[in-house]
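Taking it in order: structure first as structure tokens, then the write-up.
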Amino acid sequence: CILHCFLFLLVFGRAIHAIARISDEFWFDPVEKGLALRSVNSSRSAYAYVFFSSMFFQHYCWTAVSQPRQKEKQLSLPCKLIIKSVLLVFRCVNVLERNVEKCSIYANTNDHHITFQLLCKHGVVKTYNLTFQECDPLQAVFAKHMCPNILKVHSRLLADIMIHFPTGQEVTLSVTPMKVCFKSYTEEDTADFSKTMLTEVQLNPDEFDYFQVGVDSEVTFCLKELRGLLAFSEATSVPVSIHFDVSGKPIAFSIEDMVLEATFILATLCDIEKETASQQPPCLSQQQESAEAVASKKPQWNGNAPNTESAKPASPLAKQKITTTPRVATREMTGIEGTAMTAAEDYAMLEEEATDSHWQKVRRLPVVFTVEYLSWYLPECCLSSEVSYFCKYCIFQFRSLFFGAVSCTEKDAISHTFHSLATASDTEEDFGSVQSSQV
Amino acid sequence: MRFRAKIVDLACLNHFSRVINTIAKLAKTCTLRLTDSKLYFILSDKVANGGVSMWCELCQGNFFDEFQMEGVAAEHNEIYLELVPENLSRALKTAQSAKAVKIKLTNKHCPCLRVAVELPSLSSSSRIVTHDIPVGVIPRRLWNDFREPSVPDFDVSIYLPVLKTMKSVVERMKNLSNSVVIEANLSGEMNLKIETDLVSVTTHFKDLGNPPWASEDGCQSSAQGRDLESMAEARIDIKKLQQLLARQQVNPTKALCNIVSKRIVHFVLLHEDVSLQYFIPALA
């Protein structure tokens with residue numbers, strides 16, 4: 001496709017910087033409706049998606065170029081760019097705005113080229129020619145509207161809170177209907193108390209523009225990836241929505257207005273507790289009973305109120321104590337997503353480095369993300385190897401989101417996946433994304 | 001053993017933060033000594049520090065609106081804590097617009113200094129940010145290690161030049177050499193010298209003035225009867241000197257140094273309510 005657009009620099013530049021905090025490369029995906037930028041980090045624990053609708057640009061022209069080989073409806077061909085090269089273009093965004101009158105992006109997928117051109121003051125024109133790599137599309141599907149907890153707040157407030165924590169620290173967001181608290185996270189069993197300083201920020205629900213807590217929860221995530229989004233949302237002055245669930249399930253920070261939307265999804269720690277966990281792997285019913293029985297005593301292995309048990313069928317599995325064998329994990333994986341992932345049994349686990357002792361302490365994220373694999377754009381030679389890679393579950397330990405691929409040789413598989421996720425929804429949110437959970 | 005204190009005045013808070021920032025730059029870990037009237041930040045001269053030692057004294061009344069402490073025992077009404085001043089500095093950094101800051105000694109999982117900052121917020125109740133800084137309680141039998149260092153029997157005592165100037169000179173010298181020779185005489189002259197294979201640089205300061213030290217028991221100190229022109233010198237680690245000068249945001253009321261030839265340089269920086277003494281040993 002050929003894409004030609006002019007744009008507002010500060011916001012776009014901040015978006016690039018925000019994505020840069022996630023990974024070294026990102027997906028540049030122009031579609032008819034606008035430009036999508038996506039990125040995922042190497043440990044698959046953070047995913048960013050920024051979409052600029054065509055209205056964001058002063059001039060947006062997207063032309064589909066037909067491919068001789070195509071069998072299906074033309075979808076965009078995404079390309080991967082190295083962030084550092086693009087960052088160079090948008091370095092010092094604040095200064096840029098003053099000096100640059102126009103920025104244009106021209107992409108021609110046929111010759112694998114993207115050109116950024118900055119028309120500056122005094123007739124100076126800076127042209128950056130970047131080559132991109134063809135790649136498989138990346139898309140995470142996350143059911144935001146299924147999250148029981150939603151907070152909406154201006155980015156200034158979030159920035160004011162985050163400033164109390166050192167960069168790169170893991171932070172726990174703890175909510176009850178009465179209060180909200182952000183605190184530093186330490187691993188209690190290994191914490192060297194003589195070293196770490198612990199910070200806690202207590203907030204009143206009044207401070208939030210929108211406050212909905214369906215489930216008491218404590219989610220722990222890493223701040224580093226978030227700071228980029230905060231800077232970006234300050235540039236747009238759009239409030240930030242936070243969607244989350246219980247620990248282990250991802251947390252999504254998103255902003256949305258008429259011309260753009262951005263979502264950063266971070267994995268959260270799933271506490272696999274201690275000695276009792278590794279000794280006896282309990283079965284499901286036993287788990288529920290024990291949880292309810294000790295409800296008042298606050299079960300060790302999670303800090304959440306037991307009322308989450310009844311909320312969704314998926315949740316008991318989510319909190320089930322993980323045993324030391326990877327095989328168990330696979331079974332749980334399939335259980336969580338219900339019917340959608342029945343095909344999962346066919347897929348092998350990629351993660352091989354786990355040793356028994358390692359598993360006991362590991363944090364895992366039992367959430368599955370689907371990556372659509374669209375095969376028809378790749379040259380024939382790449383096809384076979386790519387298929388085998390993507391048709392495996394990537395199960396990474398230590399705070400990973402799970403990316404799975406659904407083979408698209410049958411169209412049914414795709415629609416089946418989406419369909420089941422859509423019907424599983426029980427609550428609708430008032431604001432935010434109207435359409436599907438597609439991000 | 002109990003300690004709780006509160007700062008309400010913003011100016012006091014900023015002043016206190018500045019002192020803590022200075023300490024944080026000079027010592028990674030140090031001892032905080034609390035008495036009912038004063039706070040002391042002490043770094044004793046261990047090999048690990050490179051022989052550097054520090055003694056910083058604050059009058060609590062000048063900073064805190066409330067200050068209550070109960071020492072280990074009635075006749076030893078003092079508390080000695082070991083802490084990382086950088087943590088305290090970080091905790092206070094974001095308290096610039098605070099309504100109040102409370103500091104308390106607690107012992108939940110381990111002894112901590114709990115700094116609770118009350119910040120204004122949009123809602124009816126203030127936002128509270130709590131920082132738990134882990135501390136080590138120093139037992140009484142070790143208190144002797146932290147006595148106030150005595151003023152050494154110096155050869156020359158001289159007022160320092162304007163710290164900003166001295167700082168920029170030392171910073172440039174730092175790029176050329178690891179050590180600097182500081183020499184001074186009783187005629188108000190001071191030189192900073194570095195010497196490498198390629199270059200030697202000397203910066204001369206004049207008319208600095210020499211502080212009058214009244215000797216305590218009337219006997220002759222080594223400074224008296226000394227030739228006014230003769231220089232006392234010591235070679236010290238330039239990084240340590242640079243660290244001392246780097247953080248002086250407010251010009252001290254008095255800044256002087258005492259040089260014991262080839263042994264040690266004793267810096268004294270006096271502000272209205274804070275006094276800082278810093279000892280840098282001479283290099284072999």
Side-chain angles (χ1 to χ4, degrees), chain A residues 151-211 213 223 227 230 237 239-240 274 303, chain B residues 17 20-21 23-24 28-32 80-139:
Chain A
L151 307 175
K152 191 169 176 183
V153 71
H154 198 270
S155 62
R156 191 79 279 242
L157 177 71
L158 265 188
D160 283 346
I161 297 168
M162 297 313 172
I163 207 171
H164 297 285
F165 300 93
T167 331
Q169 186 172 66
E170 285 168 10
V171 155
T172 303
L173 165 60
S174 163
V175 292
T176 69
M178 308 304 295
K179 68 170 178 62
V180 180
C181 155
F182 286 86
K183 53 192 176 193
S184 336
Y185 173 78
T186 51
E187 297 174 6
E188 287 189 32
D189 45 349
T190 59
D192 185 357
F193 284 110
S194 62
K195 300 273 170 62
T196 43
M197 172 163 125
L198 301 177
T199 305
E200 188 173 310
V201 182
Q202 297 254 7
L203 297 156
N204 201 299
D206 295 354
E207 300 203 55
F208 292 82
D209 295 347
Y210 181 84
F211 182 83
V213 171
L223 269 191
R227 290 189 195 259
L230 293 182
S237 44
V240 177
K274 302 155 195 167
Chain B
S17 301
I20 302 296
N21 290 342
I23 305 288
K28 262 187 102 180
T29 320
C30 74
T31 303
L32 168 62
Y80 283 69
L81 301 171
E82 185 177 342
L83 55 70
V84 174
E86 171 66 33
N87 284 339
L88 190 51
S89 171
R90 206 156 58 73
L92 295 173
K93 190 169 68 156
T94 49
Q96 297 311 308
S97 56
K99 283 200 217 163
V101 173
K102 294 194 199 148
I103 306 181
K104 192 167 82 157
L105 186 60
T106 65
N107 192 353
K108 272 203 181 156
H109 305 279
C110 70
C112 278
L113 263 189
R114 168 163 291 187
V115 180
V117 182
E118 196 183 324
L119 292 166
S121 83
L122 301 165
S123 79
S124 49
S125 55
S126 325
R127 196 182 303 168
I128 313 246
V129 183
T130 321
H131 300 273
D132 280 338
I133 302 169
V135 295
V137 178
I138 299 178

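No experiment lies behind these values; they were computed from the predicted model shown. All heavy atoms count here, side chains included; hydrogens, waters and symmetry mates do not. Order of the sequence lines sets the chain letters (A, B, ...), proteins ahead of strands, with each chain counted from 1.
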Counting only heavy atoms closer than 4.5 Å, note whether A/Pro166 contacts chain B via side chain, backbone, both or neither. both
Going from CD on A/Gln202 to OG on B/Ser126, what distance comes out if it is rounded to the nearest 0.5 angstrom? 12.0 Å
When rounded to the nearest 0.5 angstrom, what is the spacing between CG in A/Leu157 and NZ in A/Lys152? 14.0 Å
So which part of B/Ala116 gets closer than 4.5 Å to some heavy atom of chain A, the side chain, the backbone, both or neither? neither
Between B/Leu119 and chain A, which part of the residue has a heavy atom less than 4.5 Å away: side chain, backbone, both or neither? side chain
Rounded distance (nearest 0.5 Å) linking atom CG of A/Leu151 with atom CZ of A/Phe208: 5.0 Å
Quick check: are there more than 12 heavy atoms from other residues, nucleotides or ligands sitting under 6.0 Å from CD1 of B/Ile138? yes
